[in-house]
Structures are given as C-alpha cells and as structure tokens.
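I have placed the structure first, in the form of structure tokens, so that the comments after it can refer back to it.
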Amino acid sequence: MLFASIDLARRIERAECQLLRDCVDAIRRRRPETAVLVAGIVGGVAVWAGNDSPMNKVAGLGFAGPLDVADLEAFEGETFRRGSGVRVELSSLGEPSIAPLLSRRGYVLDGFEDVLGRSLEEIAGRELPVGVEVEPSGLDELGMWLDVVVDGFATPDEQGVPSSESYPREAIERAIGDMAEARGFTRYLARLDDVVAGGASLRVFDGVAQLCGAATLPVHRRRGIQTAMLDRRLADAREQGCDVAVVTTQPGSKSQQNVKRLGFELLYTRVVLVREPERL
C-alpha cells in the first residue's frame with residue numbers, strides 16, 4: 001500500500017509544477033509570438049499560455065506556507081486583462097488556509113480531479129495481447145503521435161463519469177504538441193497488427209513517473225491497448241530510477257477504473273477553483 005504522506009504529495013506537486021514550466025519553455029521555442037505568463041507563487045507556479053489553453057492554471061500551492069496574496073493578485077490582473085479566468089488546482093493535502101482565502105476572493109468550485117499512484121518497487125510483468133506492440137516514438141513520428149492522441153482525446157470513452165473540462169480541438173492539439181516537446185517527456189505509439197492504435201506519454205522528474213496521458217482510437221478500444229501502454233511506461237520508469245508512478249483522472253471515470261484495476265490507489269484529490277474576470 002502506498003501511503004499518501006504530505007512529503008509524497010509535495011514531490012508530486014513539485015513535478016507537476018516543473019512540467020508546466022518546461023511546457024512554457026517549449027511554447028517559447030515553438031511559438032515565440034505567444035506572450036506566455038509564468039509566475040512563482042509560494043512554491044507553486046501560475047501559467048497562462050493563451051486563451052482556451054488547458055495549461056492555464058495555478059498548481060502546487062500549499063506546500064511552502066500560506067498563500068502570498070500579492071503574487072496571486074498580480075497574476076490575476078495580468079490574466080484578466082487577457083480575457084481569461086484563473087483556474088487553481090489545489091491539493092487536499094496542502095495548506096488548509098488557502099481554500100477559504102480563495103473563496104473570499106471570489107473563486108468558485110468548478111470540479112475535482114484525483115491523483116492516483118502506485119509503487120514501482122514490484123512490477124508484475126504481463127504478456128502483451130496478441131498483435132500489440134508498444135515502443136517509444138521519435139521526433140520523426142511526432143505528427144503521427146499527435147494525430148492518434150488528439151483523435152483519441154477528442155472521442156472520450158462514454159463509460160463512467162464524463163470529463164468536466166472542455167476545450168476546442170485546436171487548443172488541445174497545441175497543448176499536447178507543446179507538452180510533447182517538454183524536457184524529460186517520452187512519447188509512445190501502440191500498434192495492433194502493425195496499425196497505429198494508440199499513443200501515450202511519460203514524464204520523469206525527481207523519482208516521480210508522471211503518466212501524462214494515453215489515448216486509444218475508438219475502433220481499437222477493448223483490445224488491451226491501454227494496459228499494454230501502461231505496462232511499458234511503468235517498466236521504463238522503474239529502469240530510470242523512479243519509485244512511484246502517478247496519474248490524474250476524473251473521479252468515477254473509465255480511466256480511473258482502468259488504473260485502479262492495475263494497482264493504482266487514490267492518494268489525494270485536487271479541488272478545482274475558478275475565478276472569472278467579471279468577478280473583479
């Protein structure tokens with residue numbers, strides 16, 4: 001059993017913050033015309049990467065002391081001037097004074113996301129389904145990888161609780177493309193009988209393996225593709241010295257059901273709080 005200590009949550013949130021910072025660096029390389037905002041806020045990070053971007057969020061608060069209101073207020077002002085609201089993803093294991101403070105500032109509840117994890121000390125090897133292969137994917141296959149992942153995400157599984165997040169396809173494609181070129185990010189393609197069936201990703205930081213997303217094309221679902229991609233990434237993460245793997249899911253979703261069946265346990269929940277410009 002993996003215990004959800006505050007120290008473990010701090011490591012996971014720190015990895016999440018660093019991933020956002022590295023995504024910002026990728027945006028600046030790929031799309032230098034984008035006036036990205038990034039600010040450190042009491043051990044966390046705040047990012048604005050363009051209107052409708054899934055990367056627009058404040059992450060990692062609550063593990064380095066109480067919230068610095070002045071830093072948050074400065075980020076809010078810059079973001080509101082760009083016509084976007086501010087989204088805070090707040091860990092349930094962080095500083096308890098932050099949620100009431102945000103509520104007093106006009107933030108409202110927008111949803112929840114669960115962080116699940118599993119130890120990598122012991123990984124039981126499983127045989128791949130017949131005809132399935134999962135391999136790392138290089139830059140020469142980036143376009144193919146993007147197509148399969150974006151198409152998979154654009155057609156979510158109808159089983160379980162649907163996602164509360166909704167973004168234009170173009171915004172999803174930009175965000176996934178930026179993330180794919182972030183430091184420490186590995187892409188994978190799954191093939192079924194030599195036909196591309198799914199795509200996945202892995203990010204390694206400070207001994208934490210972040211399973212940043214996986215998608216299977218609808219026509220190939222229920223064939224063991226997701227399990228095969230997960231097994232390959234867990235094995236690679238262990239080889240790279242990680243001791244824990246984490247994944248973020250919508251509570252009650254099919255994705256959560258899948259990873260729990262494969263040994264992941266709920267570590268903590270993030271409450272999602274949003275403040276819109278009109279609440280000034």
Side-chain angles (χ1 to χ4, degrees), residues 13 16-17 19-21 23-24 26-28 31 33-115 150 153-154 156 161-179 212-213 248-253 255 268-280:
E13 293 296 297
E16 180 75 8
C17 291
L19 175 58
L20 283 170
R21 292 188 181 97
C23 286
V24 167
I27 292 170
R28 288 170 171 163
R31 294 182 283 112
E33 72 282 0
T34 303
V36 184
L37 294 176
V38 57
I41 301 180
V42 196
V45 66
V47 170
W48 180 89
N51 290 323
D52 296 323
S53 173
M55 292 185 192
N56 293 351
K57 64 179 70 177
V58 181
L61 298 182
F63 294 94
L67 179 62
D68 187 325
V69 176
D71 287 344
L72 177 62
E73 188 173 23
F75 179 77
E76 288 172 343
E78 290 296 328
T79 303
F80 293 160
R81 277 190 280 275
R82 287 163 169 77
S84 295
V86 177
R87 172 187 172 99
V88 177
E89 297 178 357
L90 186 64
S91 169
S92 58
L93 296 182
E95 166 64 45
S97 66
I98 293 179
L101 187 154
L102 293 176
S103 179
R104 291 193 296 271
R105 289 188 62 77
Y107 284 80
V108 298
L109 178 66
D110 193 55
F112 302 90
E113 57 183 34
D114 287 341
V115 178
V150 173
F153 281 131
V161 176
S163 174
S164 61
E165 297 182 61
S166 178
Y167 299 97
R169 181 186 173 91
E170 296 79 7
I172 294 174
E173 187 167 355
R174 282 196 305 270
I176 293 176
D178 294 333
M179 188 179 293
C212 299
T248 302
T249 69
Q250 176 87 4
S253 64
S255 295
Y268 58 90
T269 296
R270 292 185 186 126
V271 60
V272 180
L273 300 165
V274 174
R275 185 183 182 192
E276 299 294 348
E278 59 267 26
R279 291 186 175 273
L280 279 171

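Nothing here was measured: the structure is a model prediction, and the numbers come from that model. Sequence positions, counted from 1, serve as the residue numbers for this chain.
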- Query: Would a 4.5 Å heavy-atom cut-off, applied to side chains only, mark Ile27 and Met55 as touching?
  - Reply: yes
- Steps toward side chain to side chain contact (heavy atoms under 4.5 Å, CB included) verdict (Trp48, Arg82): CA-CA 9 Å; Trp48 180 89; Arg82 287 163 169 77; 3.6 Å; yes
- Task: Please report the shortest heavy-atom distance between Ala59 and Leu20, naming the atom on each side.
- Result: CB-CD1, 3.8 Å
- What pairs meet the side-chain hydrogen bond (donor to acceptor under 3.5 Å, both in side chains) rule with one or both residues in residues 59-69, with sequence neighbours excluded? none
- Check side-chain contact (heavy atoms from CB on, under 4.5 Å) between Arg21 and all other residues, then give those that pass, not counting sequence neighbours. Cys17, Gln18, Val45
- Message: Using the salt bridge (Lys or Arg N to Asp or Glu O under 4.0 Å) criterion, which residues pair with Arg104? Sequence neighbours excluded.
- Response: none
- Task: Apply the test side chain to side chain contact (heavy atoms under 4.5 Å, CB included) to residues Arg87 and Asn56: give CA-CA distance (whole Å), side-chain angles for both, the deciding distance (0.1 Å), then the verdict.
- Result: CA-CA 7 Å; Arg87 172 187 172 99; Asn56 293 351; 6.0 Å; no
- Side-chain (Arg28) to main-chain (Val24) donor-acceptor, under 3.5 angstrom: no
- Message: Among residues at least two apart in sequence or on other chains, which ones pass side chain to side chain donor-acceptor pair (under 3.5 Å) with Thr269?
- Response: Asp114
- Task: Using side-chain contact (heavy atoms from CB on, under 4.5 Å) as the criterion, list what pairs up with Thr248, not counting sequence neighbours.
- Result: Glu113, Val115, Arg270
- For Thr34 and Ala49 the tightest heavy-atom approach is CG2-O, 4.0 Å
- Can you name the residues that form a side-chain contact (heavy atoms from CB on, under 4.5 Å) with Glu76, not counting sequence neighbours? Leu72, Glu73, Phe80, Val86, Arg105, Tyr107, Arg275
- Note on the structure: What one should report as the nearest heavy-atom pair of Gly85 and Thr79 is O-CG2, 3.5 Å
